[in-house]
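Start at 1 and go down the list; that is how both ligands and their atoms are numbered. These values consider heavy atoms only, across backbone and side chains, with no hydrogens, waters or symmetry-generated copies. Along the sequence shown, residues carry numbers from 1.
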Amino acid sequence: VHKIPVGVLGASGYAGRELCGLVAAHPRLSLAFATANERRGERVRVGGAGGADVTFVATDDARLDEAELVFSALPHGASAVWVDRARAAGARVVDLSADLRPGNQPAASADAHGGTAVATQAPYGLTELTRDQLPGAEMVANPGCYATAILIAIAPLVSRGLALPGATINVTAASGVTGAGFTPRHDLLFAEVAEDFRAYGAGNVHRHLAEMRATIATLGGDQDLIFTPHLLPVARGILATITVPVAELPDDALAPWREHYAGEPFVEVVDAQPTLREVVRRNVVRLTAVPVAGVRQPTLLVTAAIDNLVKGAAGQALQNANVVLGLDEPMGLPA
Ligand SMILES: NC(=O)c1ccc[n+]([C@@H]2O[C@H](COP(=O)([O-])OP(=O)(O)OC[C@H]3O[C@@H](n4cnc5c(N)ncnc54)[C@H](OP(=O)(O)O)[C@@H]3O)[C@@H](O)[C@H]2O)c1
């Protein structure tokens, strides 16, 4: 079988390593290169069963022209310029950073070299909601991890006009420590995070708000969003707890999701509260909804769980790449 060569930029990071493991086990893709500057020349094992040994090359040494598609798992700000280089070398790009995402373009073009005007056309790769825009796309903006869980959870209510116009959607979410990346930080030391729990980005300032607000508008909503992330002392996983004021409660609280995501292999609408253990190392959003008791304004509480490195990053990036390249969407993805 002909394998399609793909490259991974930022392969020593958490998202990049996850991607290398998924590509190594993919039946139709092969890894053309995997870049890391500090760890260039190092040979590492990626993936579990079906994984492979990969040797990192410096970013400047990557043969961009040998890849049909490049995944950029570089930090935001550093990614846009490499997206441009990969495209100039003839590759399609799935960018895991925030640089191409809706609501983020002005910052991205300032960080790059003023040449990212075309970048504004990158479709947003929230696959279940935007797959029509992806086949043959030259670039895809892969969503943020929190944004993936939250937007998949609220999209049926917003796009079907069930969410109350002008209301505030309130999100409390907690992420495992890999969400902060591989760069060492004192506040992420084991002894600082273990057996403790705290909010961060308090006051509605997290980076993912821009893409979430832009997507709510694209779905036809005008709701405000209050988003408070928390740091959970586990390696992987995000649990988002979301209240959405609605005009009236549906007879069956889960009906909007069951209808919206019927036949979707990577969205699990369930009766019980989803847990991280149920989603870790899987490319799924697992969610439920219940009516909120004891409040005057009819309100639904939606809970969604994902693995931040799989459905929240590398898995969804591969899902998007499959669609871009005309492969079966679920190919090579842990369901
Ligand atoms: N972690 C998550 O849960 C998650 C989820 C969704 C999206 N993302 C996004 O995915 C991207 C990667 O995240 P991550 O958490 O995997 O980050 P990370 O662990 O910090 O890894 C970043 C990678 O980029 C390389 N790098 C850093 N600065 C660079 C530069 N200026 N030029 C070239 N290479 C550089 C790093 O290696 P060297 O420094 O050695 O080159 C490393 O391989 C980010 O944009 C992030 O927003 C992450």
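Donor-acceptor pairing under 3.5 Å is lacking for the side chains of Glu138 and Gln121. Thr172 and Thr241 are not linked by any side-chain donor-acceptor pair at a separation below 3.5 angstrom, with hydrogens and angles left out of the test.
Atom 34 (N) of ligand 1 has its closest protein heavy atom at Leu74 CD2, 3.1 Å. For atom 17 (O) of ligand 1, the closest non-hydrogen atom of the protein is Gly181 CA, 4.1 Å. Atom 29 (C) of ligand 1 has Pro75 CD, 4.0 Å as its closest protein atom, hydrogens excluded (heavy atom only). Shortest contact from atom 21 (O) of ligand 1 to any protein heavy atom: Gly13 CA, 3.1 Å. Looking at atom 3 (O) of ligand 1, its nearest protein heavy atom turns out to be Asn308 ND2, 2.9 Å.
Between Glu268 and Arg282, at least one side-chain nitrogen of the basic residue sits less than 4.0 Å from a carboxylate oxygen of the acidic one, meeting the salt-bridge criterion. Taking a cutoff of 4.0 Å between a charged side-chain nitrogen and a carboxylate oxygen, Glu18 and Arg236 qualify as a salt bridge. Using a cut-off of 4.0 Å between Lys/Arg side-chain N and Asp/Glu carboxylate O, Arg286 and Asp271 are scored as not salt-bridged. The pair Glu192-Arg185 does not count as a salt bridge, with every side-chain nitrogen at least 4.0 angstrom from each carboxylate oxygen.
Under a 4.0 Å criterion applied to the non-hydrogen atoms of Ala15, ligand 1 contributes the atoms 16 (O). Short contacts between ligand 1 and Ala313, defined as distances under 4.0 Å to a heavy atom of the residue, involve ligand atoms 5 (C), 6 (C). Atoms of ligand 1 found under 4.0 Å from any heavy atom of Ala73, numbered from 1 in the order shown, are 11 (C), 12 (C), 22 (C), 23 (C), 24 (O). For ligand 1, the atoms lying closer than 4.0 Å to a non-hydrogen atom of Ser97 are 45 (O). Listed by number with element, the atoms of ligand 1 under 4.0 Å from a non-hydrogen atom of His76 are 45 (O). Every atom of ligand 1 is numbered from 1 in the order shown, and the set under 4.0 Å from a heavy atom of Ser12 is 36 (C), 37 (O), 42 (C), 43 (O).
Using a non-hydrogen distance threshold of 4.0 Å, Ser79 does not register as a contact of ligand 1.
Contacts between Leu96 and ligand 1 below 4.0 angstrom, taking non-hydrogen atoms only, involve backbone and side chain alike. Contacts with ligand 1 closer than 4.0 Å are made by heavy atoms of both the backbone and the side chain of Glu38. At a heavy-atom cutoff of 4.0 Å, ligand 1 is contacted by the backbone of Ala11 but not by its side chain.
Distances between N or O atoms of Arg39 and those of ligand 1 include no value under 3.5 Å. Residue Phe182 places at least one N or O, backbone or side chain, under 3.5 Å from an N or O of ligand 1. Below 3.5 Å of separation, one finds no N or O of Trp82 facing any N or O of ligand 1.
Because its NZ or CZ atom is both nearer than 6.0 Å to the ring centre of Phe182 and within 45° of the ring axis, Arg17 counts as a cation-pi partner of that residue.
A heavy-atom distance below 4.5 Å is not found between the side chains of Asp95 and Asn142. Contact annotation: the side chain of Ile169 never approaches that of Ile226 to less than 4.5 Å [non-hydrogen atoms, C-beta and beyond].
Side-chain rings of His206 and Tyr146 approach one another, their centers coming within less than 6.0 Å.
The option with the heavy atom closest to atom 30 (C) of ligand 1, from among Gly312, Ala78, Ala314, is Ala78. Comparing Leu309, Asn142, Val177, Asn37 against atom 2 (C) of ligand 1, the shortest heavy-atom distance belongs to Leu309.
Protein heavy atoms all stay at least 4.0 Å away from atom 39 (O) of ligand 1.
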*Candidate pair Asn320 and Thr127, rule side chain to side chain donor-acceptor pair (under 3.5 Å), full reasoning*: CA-CA 6 Å; Asn320 288 324; Thr127 331; 2.9 Å; yes
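Looking at every heavy atom in both residues, Asn283 comes nearest to Lys311 through OD1-CA, 3.2 Å.
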